[in-house]
Amino acid sequence: MAQPLVKKDDDRDDEEYSPFLGIEKGAVLQEARVFNDPQLDPRRCSQVITKLLYLLNQGETFTKIEATEVFFAVTKLFQSRDIGLRRMVYLMIKELSPSADEVIIVTSSLMKDMTSKTDMYRANAIRVLCRITDGTLLTQIERYLKQAIVDKNPVVASAALVSGIHLLQTTPEIVKRWSNEVQEAVQSRAALVQFHALALLHQIRQNDRLAVSKLVTSLTRGTVRSPLAQCLLIRYTTQVIREAATSQTGDRPFYDFLESCLRHKAEMVIFEAARAITELNGVTNRELTPAITVLQLFLSSSKPVLRFAAVRTLNKVAMTHPMAVTNCNIDMESLISDQNRSIATLAITTLLKTGNESSVDRLMKQITNFMSDIADEFKIVVVEAIRSLCLKFPLKYRSLMNFLSNILREEGGFEYKKAIVDSIVILIRDIPDAKENGLLHLCEFIEDCEFTYLSTQILHFLGTEGPKTSDPSKYIRYIYNRVHLENATVRAAAVSTLAKFGAMVDALKPRVFVLLRRCLYDGDDEVRDRATLYLNTVGSDGEVIETDKDVKDFLFGSLDIPLANIETSLKNYEPAEQPFDINSVPKEVKTQPLAEKKAPGKKPAGLGAPLSGPPSTVDAYEKLLSSIPEFSDFGKLFKSAAPVELTEAETEYAVNVVKHIFDRHVVFQYNCTNTIPEQLLENVTVIVDASEAEEFAEVASKPLRSLPYDSPGQTFVAFEKPEGVPAVGKFSNMLRFIVKEVDPTTGDVEDDGVEDEYQLEDLEVVAADYVMKVGVSNFRNAWESIGPDFERVDEYGLGPRESLAEAVSAVISLLGMQPCEGTEVVANNSRSHTCLLSGVFIGNVKVLVRLQFGIDGPKEVAMKLAVRSEDDNVSDMIHEIVASG
């Protein structure tokens, strides 16, 4: 059934040879009958078991009957004395994982083997027994396992220790009793035994931080001989260092041990120690130096794996400490021509991160020859590194931009081309001098672009940036070519881009109108509709006059409303005499509402529960509040915050609160659920103490008449506040009600009730409650359109933080604004970050925030805050929120 071996010079030399080609389960099960022969053939039996194991590992499923028949047949092979066959039997039993009633058949044979004088039998029997037995049988063989852990034969000891590691997941209470034996095995002279023993001992103690620290302290004094165990110890040491979180002013605990491991005779230990030092939090240049020196030596090693490991580690270090890696640049330049393309790619990208301005041109020449030899995923890494280099040295944009445009014309997949286009777009946005050069490169690319997505993105970008250049007319030819030569999607995008040039550049309007009129006869309705829309709205019959600002905003302004909200509102719109009003669409970017903390089977607590669709929550709240006479004259609802839990889970009464923000009022909606079947609550109110909220005055409340078991209801309390002011304060809440007993069987309610109270958690109104999350599609354009008139910039110290990501998250939560363009994500080990936020302040005032973070000293985070809005008071208020937060 196996194919003959194929010669190397054969045309089919790329076909793989497999000895298992064409085997079928049915045929193999028939062959398994040889296990029942009176005279066993060990070689034949081993071949059949090999085929069975292959089928199992390929995902072939055996029915219960088939598995049982194979299992019982395999157990008969215990009578053979052939050592090779016995090992195959052990493997087969492990893979079959027999059921509890079948295990008993082989238990006695395995226990006999476990006490055998043949070490190979003992080791394998231990592994199999621990795999297939449950806790009950384990207690019977525990004594043998303890003895095996300290056995003189390293194979037996390792088998027992590895079994212990697996058993720790299922029966930890038994394995934890072996600590003394495992501790003794850690002192073993056998390398693998020491390695497995240390791994098991750490897992036994991993939940006890003090025990792990003591273990590391005792072992770092030089009792570990095994290189593998030493690598484990280094990892456990770095874990202890991380958890210690000591001040960086003093000496770092265990650093001397890590440094001493750099002088170990085993290369794996040296590398593990060097990598551990480079990954320490807040590592200094003095601490890095010995690790970098060792990695530099590895760069010139004859072993590819060492060169790869060293250059990959240095690549990571270059992200946070580029100056520390510059000493290795000469060694890394020699790796650009390395036969291993992974090593060459890492060397290139590291050099791009650490190189200086004078070395850029030399690196570009080397990369040009190198790019054609590597796969797309490596090319993407190089492109991203070149982008970073260009932003670092903006004066070198010409050579770097030319390089990007050259590789853009070469063959490549979508992700690769997208990475190049994204890089050129970012360079155009961040380096003003590169704009015209970069736009022309993109225009040339779309002439032959095979990816619709990239063509439409580039056309959109051309429409945004092209009209702002010194000679916008030179781009028209490239755009209009797309109308003739592309598919309908690209043609429609080209029409929109042409219209942008006509609207934004008055001198081009007559020529653009001629081209748009030709598009009226296009074969696709979307293209025709767009051309008709733009011809009618831009207007003036193509005369050279300025386009109305409202028209520009309508056609090309940034959309302040989330698309998901528009889609839902359009679906819910019923055709009527009243046209669809886009102002009725909620602007807030809705996150998933807070889930109820309630017992299983309970219903959601009113409107505090998750509701379907993002805008439906706002619609439902607005309808509910407008239907209550006490709140009907409060005006338009600005924002409804996510529900905040005021009770613990599994308590007698479940209460959460939703804060509704109006211009002059704040309404608290308390969603209540009665979780006691024997009680009916009546006249339910929440008594709110606003003594710590001086700017608020209670003006109205609406009690809940009745709250039966498991039937959610709402009670409301409204406060007045100064108009347009983001007043803050803390409110204490007391649930007050009359409780009446209910007969669970009949449902009858007693006439008399008892007044009772239930203390709820405190509630705060914070500054973020007055800011609505509203995203912008293009932050840069939105920032420029607001202008610098009401811009406020200041710097703040945020104090010590665990990481830059934690600081970014804290400020976003404090301001309650929408992160833009994915800037809420902070790269690992990054020492600086820029975050962009947008929102609408109460009073419908647009506000944009640019946050620049940096680590100043050990874990000290500094932040520069720039705010632009349509009102100088709002810009000042955002700064006050940060200053007081």
Side-chain angles (χ1 to χ4, degrees), residues 32 34-54 56-57 70-98 102-134 137-167 174-175 178 181-182 184-197 199-200 226 228:
V34 299
F35 300 159
N36 299 316
D37 290 351
Q39 295 295 322
L40 289 172
D41 180 352
R43 187 169 179 276
R44 178 95 173 107
C45 292
S46 294
Q47 287 176 343
V48 176
I49 290 178
T50 303
K51 290 179 182 179
L52 287 166
L53 288 169
Y54 171 77
L56 285 168
N57 281 284
V70 170
F71 172 70
F72 279 107
V74 168
T75 58
K76 295 179 182 178
L77 300 179
F78 273 104
Q79 57 192 299
S80 172
R81 296 292 177 187
D82 186 88
I83 292 178
L85 179 58
R86 182 66 63 90
R87 296 182 72 176
M88 298 299 288
V89 170
Y90 290 135
L91 269 177
M92 194 65 208
I93 293 172
K94 270 178 67 179
E95 289 300 318
L96 281 173
S97 297
E102 295 169 350
V103 166
I104 197 69
I105 305 298
V106 289
T107 302
S108 56
S109 299
L110 290 171
M111 290 180 72
K112 183 181 175 184
D113 283 355
M114 199 167 68
T115 55
S116 167
K117 292 180 180 179
T118 308
D119 290 331
M120 194 279 296
Y121 286 2
R122 291 165 61 204
N124 283 300
I126 288 169
R127 289 177 184 269
V128 177
L129 265 174
C130 292
R131 173 72 175 268
I132 67 175
T133 55
D134 56 9
L137 182 61
L138 198 58
T139 53
Q140 298 176 27
I141 61 171
E142 185 181 0
R143 180 166 60 89
Y144 298 109
L145 292 173
K146 283 185 175 182
Q147 290 172 356
I149 288 171
V150 293
D151 196 275
K152 290 179 181 178
N153 188 297
V155 177
V156 176
S158 273
L161 289 164
V162 171
S163 298
I165 292 170
H166 292 305
L167 288 170
I174 293 176
V175 179
W178 306 349
E181 286 77 13
V182 177
E184 188 178 334
V186 171
Q187 310 303 323
S188 170
R189 290 183 174 276
L192 270 181
V193 173
Q194 195 172 45
F195 168 62
H196 290 139
L200 178 56
S226 161
L228 283 168

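The structure displayed is predicted, hence computed values, not measured ones. Reckoned from all heavy atoms, side chains included, excluding hydrogens, waters and symmetry mates.
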[X] side chain to [Y] main-chain N or O, any donor-acceptor pair under 3.5 Å?
X	Y	value
Ser80	Asp82	yes
Arg86	Arg81	no
Glu181	Ile149	no

ask   = Taking only residues two or more places apart in sequence, or in another chain, which ones meet Arg44 in a salt bridge (Lys or Arg N to Asp or Glu O under 4.0 Å)?
value =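 Partners of Arg44 under the salt bridge (Lys or Arg N to Asp or Glu O under 4.0 Å) test: Glu31.
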
Just jot down the side chain to side chain donor-acceptor pair (under 3.5 Å) partners of [X], sequence neighbours excluded, or say none.
X	answer
Asp41	none
Glu142	Arg177, Trp178
Lys76	Asn36
Arg122	Asp119, Asp151

Atom of [X], atom of [Y] and distance for their closest heavy-atom approach:
X	Y	value
Ala197	Leu161	N-CD1, 3.7 Å
Ser226	Ala191	OG-O, 3.0 Å
Val74	Met92	CG2-CG, 3.8 Å
Leu53	Glu95	CD2-CG, 3.5 Å
His196	Ile165	O-CD1, 4.0 Å
Val128	Tyr90	CG2-O, 3.5 Å

request  = Evaluate the criterion side-chain contact (heavy atoms from CB on, under 4.5 Å) for residue pair Ser109 and Thr75; output intermediate values, then yes/no.
outcome  = CA-CA 9 Å; Ser109 299; Thr75 58; over 6 Å; no

task = Would you indicate whether the side-chain heavy atoms of Val89 and Asn124 approach each other to under 4.5 Å?
result =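 No - every pair of side-chain heavy atoms lies 4.5 Å or more apart.
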
Over 12 non-hydrogen atoms of neighbours within 6.0 angstrom of OH in Tyr54 =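 Atom OH in Tyr54 is packed in, count exceeds 12.
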
Pairwise distance [atom1]([X]) to [atom2]([Y]) - rounded to 0.5 angstrom:
X	Y	atom1	atom2	value
Asp113	Phe78	CG	CZ	6.0 Å
Ser188	Lys152	OG	NZ	12.5 Å
Asp37	Cys45	CG	SG	7.0 Å
Ser158	Asn153	OG	CG	9.0 Å
Ile93	Leu77	CD1	CG	9.0 Å
Leu96	Ile132	CG	CD1	10.0 Å

request  = In sequence, state the C-alpha distance, the side-chain angles, and the governing distance for Ile49 and Leu85, and then conclude on side-chain contact (heavy atoms from CB on, under 4.5 Å).
outcome  = CA-CA 9 Å; Ile49 290 178; Leu85 179 58; 4.1 Å; yes

ask   = Can you check side-chain contact (heavy atoms from CB on, under 4.5 Å) on Leu167 and Ile174, steps first, answer last?
value = CA-CA 9 Å; Leu167 288 170; Ile174 293 176; over 6 Å; no

query = Can you name the ring pair (Phe, Tyr, Trp, His ring centres under 6.0 Å) partners of Phe72, sequence neighbours left out?
reply =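 With sequence neighbours excluded, Phe72 shows a ring pair (Phe, Tyr, Trp, His ring centres under 6.0 Å) to no residue whatsoever.
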
ask   = Taking it one step at a time, do Met120 and Arg87 satisfy side-chain contact (heavy atoms from CB on, under 4.5 Å)?
value = CA-CA 8 Å; Met120 194 279 296; Arg87 296 182 72 176; 3.2 Å; yes

